[in-house]
There are 2 protein chains.
Amino acid sequence: MRPTVHDIAASAGVSLATVDRVLNARPGVRAVTRAKVEAAIERLGYVRDVAAANLAKGRIYPLVFIIPQGENPFMRGLEAEVRQVDRVTFDRTSISVVNVPPFDAMALAAAIDTAVEDGAAGIAAVAVDAPEVVEAIDRALEQGVAFVTLVSDLASSKRDHFCGVDNVAAGRTAGSLMARFLGDREGPVAVLAGSMLVRDHSERLSGFRAVMADAGRGRHVLDVLEGQDDPVRARALVSRYLAKFPGLAGIYSLGAGNAGLVAALEAAGRPGLCVIAHELTPPTRAGLESGIVDAVLHQDAGHEVRSAIRVLRAKADGVKPVAAQERIRIDIFIRENLPPPDPETGTARAGEG
Amino acid sequence: MRPTVHDIAASAGVSLATVDRVLNARPGVRAVTRAKVEAAIERLGYVRDVAAANLAKGRIYPLVFIIPQGENPFMRGLEAEVRQVDRVTFDRTSISVVNVPPFDAMALAAAIDTAVEDGAAGIAAVAVDAPEVVEAIDRALEQGVAFVTLVSDLASSKRDHFCGVDNVAAGRTAGSLMARFLGDREGPVAVLAGSMLVRDHSERLSGFRAVMADAGRGRHVLDVLEGQDDPVRARALVSRYLAKFPGLAGIYSLGAGNAGLVAALEAAGRPGLCVIAHELTPPTRAGLESGIVDAVLHQDAGHEVRSAIRVLRAKADGVKPVAAQERIRIDIFIRENLPPPDPETGTARAGEG
DNA sequence: CTGAAAGCGCTTACAG
DNA sequence: CTGAAAGCGCTTACAG
């Protein structure tokens, strides 16, 4: 049997309470006593039973996820993952979701302040790149609230961790695939984004541009289209470009306007462009299946949510953030390796952890 | 607060023991009593605290992982993942690893029988496609031992679940990428496998062949090379083909002979072939980084291991296998989305579950 | 068929 | 600075 606190108490010749104090680095133990206990811990190879500890603590962690509202399907999938995790009751964690208008720094900052006031132990938020947000995050941290950015980072804040992909690398990946798929085909490429106010979009763009500049003798990237992740605007913008640049070779959609993108391409009679988009959602899945989209870069929303929870709990527990090393992978999907949709959340899932 | 067994006992006017009997569908409760308890459960919206239940059970699950020995780097990474999970102590599970010679049906069957005799509650094994193995698996099942196949399936057995990727789809994915990367380039393609005695290899080959037959006006696939996942043999086989077929356009390496493959290509002065390999391991990672390999299809060994444990535990617990729906994703890596190697296990990892 | 009591491994007031 | 006792939510013999 694995040694328990009883074993180490007996072995060290002290009481359970003292063992507990040493184990949890609580004050009020003489150095000699502490040493005895530590020796016993070492000798017996003790490892704490976290589940039992949580049970005894009876503690519950109120966590808040702040997610943009609106019809962005990736965000809706993310929210569904959060709710699903909550249903399954991540042990001793109670999770709530707060929606805010997308790309709205003031609203986000206000939501963060409110969550802190409401006594959140930890907050996960999709960041907007603005000073008000940085300040709100840092205020939360000062109050001792754990904070992670989700999907879109804000490295200039003091957030504990970023749960999302390396978006510069994602942009480079898109660029590399675009270059290989196009081969010798001539023509410029267009980029459809949501807004340069969020880091994930601006970072993807810079990664993509860097690769395009290197490809062959350089491929021209047209001025970026900002569709605010709104399908209607995205469709209009793309349609205009299709008409304006008949020699267009490809489109990189790095935001969430994909329903509009696909609609515009369908309306234009499916010109044979190379199309690479982000996030496996109903519109991009349909695009892959119909052949109108060549590849989809993806981040696993479920992984990100569970990673955020682990990091927030570790921080709230004052445990060493071993989980902070977690990396979210940049998935590549083509038609052939498309995973089946998750009936619960509609997002793409793999076997979890 | 969430309701506990105490609450439902009080509400139903019975003892804890009776509540427990109903909760766990144990016999020896009158229908009326059962109904009262069930009504209380319903009324209060009770959900069991699994961690507390496990603690009380004090039960420990001996699980055995049977993994091929030898220098196959994917298998070594898989084993490292198993050992790491064990270190982290998946709650109340004790895991042991048994190594067997690769592609050896008799040895595998014997190892399964031994694990059953030793009292395993569950077994996960990389299957070899042979009747002896099917019989050994079915014997284990009859003894009430939970069984999952890992990485390579054996659907003709009664195994509870397969923890691995859809290998036909993986082969199709490789074929599709190969076709796109080659574009109009002429020439046949070669396939390097380990052995057709394992399902994962034979399934990948069939998927790849199907896509190649459809590509353009059909691309010729040369006779498959079986290198037994041995780098020396693989290198010799590939070198011979390179000399024999100077017009070769690409190589699909669907097994684990990649160190030999890369060595052969280096020795041949890096002919500009399209190379697609499986599993992100040191040799394939190096190949991607040096540009000699174009893409690597991957399965997350950590996911597979943790999925196997969840399924085995659920089965051993007699719980409904909600986990059985877990799917392992087919990852695509190119140079740009290469994740950093895991310092612990050497395998590619993402944020877990 | 039903219940009272002890215990799983840990933590938490409360005494001393 | 240290310890004895009760309790977290559940399960398990043992009585009756």
Side-chain angles (χ1 to χ4, degrees), chain A residues 1-41 44-61 89-94 313 316-319, chain B residues 1-38 40-41 44-61 88-94 313 316-319:
Chain A
M1 285 305 286
R2 268 171 44 178
T4 73
V5 278
H6 291 96
D7 299 318
I8 101 150
S11 176
V14 300
S15 73
L16 288 182
T18 297
V19 172
D20 187 69
R21 288 186 188 102
V22 175
L23 241 25
N24 294 287
R26 275 188 264 274
V29 186
R30 267 192 310 170
V32 250
T33 317
R34 179 177 303 280
K36 276 196 299 186
V37 175
E38 277 164 352
I41 291 175
L44 273 48
Y46 171 83
V47 304
R48 169 211 258 97
D49 183 328
V50 189
N54 280 332
L55 174 60
K57 285 200 197 97
R59 202 185 289 172
I60 204 126
Y61 299 85
T89 7
F90 226 83
D91 61 327
R92 317 208 159 269
T93 303
S94 88
R313 285 201 37 155
D317 263 339
V319 172
Chain B
M1 284 306 286
R2 269 169 43 176
T4 73
V5 277
H6 291 96
D7 300 319
I8 101 155
S11 175
V14 300
S15 73
L16 288 182
T18 298
V19 173
D20 187 69
R21 289 186 188 101
V22 175
L23 240 27
N24 294 287
R26 275 189 266 273
V29 184
R30 268 192 308 172
V32 249
T33 317
R34 180 177 303 279
K36 276 196 299 186
V37 174
E38 277 163 353
I41 290 174
L44 271 47
Y46 171 83
V47 304
R48 169 210 259 97
D49 182 328
V50 188
N54 279 333
L55 175 59
K57 285 201 197 99
R59 201 186 293 171
I60 203 122
Y61 299 85
V88 177
T89 9
F90 225 83
D91 61 327
R92 318 215 157 264
T93 304
S94 89
R313 286 201 36 156
D317 265 339
V319 173

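Chain letters run A, B, ... following the sequence lines, proteins first and then strands; every chain starts at 1. FYI, side chains are in, hydrogens and waters are out, and symmetry mates aren't considered; it's all heavy atoms of this structure.
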For a side-chain contact (heavy atoms from CB on, under 4.5 Å) check, start with the C-alpha distance between A:N24 and A:R48, then their side-chain angles and the critical distance, and finish with the verdict. CA-CA 10 Å; A:N24 294 287; A:R48 169 211 258 97; 2.5 Å; yes
Closest heavy-atom pair and its distance - [X], [Y]:
X	Y	result
B:L44	B:P3	O-CG, 3.3 Å
B:T33	B:V29	CB-CG1, 3.7 Å
A:Y46	A:I8	CD1-CG2, 3.9 Å

Using a heavy-atom cut-off of 4.0 Å across all strands, would you classify [X] as base, sugar-phosphate, or nothing?
X	value
B:V5	base
A:V14	sugar-phosphate
B:A17	base

Measuring from the side chain of B:L55 (C-beta onward, heavy atoms only), which nucleotide among C:dC8, D:dC10, C:dA13 has the closest atom? C:dC8
Measure [atom1]/[X] against [atom2]/[N] and give the value in whole Å, please.
X	N	atom1	atom2	answer
B:D49	D:dT11	CG	C1'	13 Å
A:L23	C:dT12	CG	C1'	14 Å
A:I41	C:dG9	CD1	P	16 Å
A:L16	D:dA5	CG	C1'	10 Å
B:Y61	C:dC8	OH	P	17 Å
A:R21	D:dT2	CZ	C1'	6 Å
B:I8	C:dG3	CD1	P	12 Å
A:K57	D:dC8	NZ	C1'	12 Å

Tell me whether the side-chain N/O atoms of [X] come closer than 4.0 Å to OP1 or OP2 in [N].
X	N	answer
A:S15	D:dA4	no
B:R34	C:dC1	no
B:R30	C:dT2	yes
A:T33	D:dC1	no
A:R48	C:dT11	yes
B:T18	C:dC1	no
B:R26	D:dT12	yes

Atom pair OG (A:S11) and NE2 (A:H6), whose distance is rounded to the nearest 0.5 Å: 14.0 Å
Find the distance between CG (B:L23) and CD1 (B:I41) and round it off to the nearest 0.5 Å. 5.0 Å
Relative to the 5' end of DNA chain C, which residue comes earlier, B:A52 or B:G28, by the nucleotide with the nearest heavy atom? B:G28
Could you walk me through whether A:R34 and A:V37 pass the side-chain contact (heavy atoms from CB on, under 4.5 Å) check? CA-CA 5 Å; A:R34 179 177 303 280; A:V37 175; 5.9 Å; no
Hunt down any stem DNA chain D takes part in, defined as 3 or more consecutive Watson-Crick or G-U pairs whose two distances are each under 3.5 Å. C:1-3 with D:14-16, C:5-12 with D:5-12, C:14-16 with D:1-3
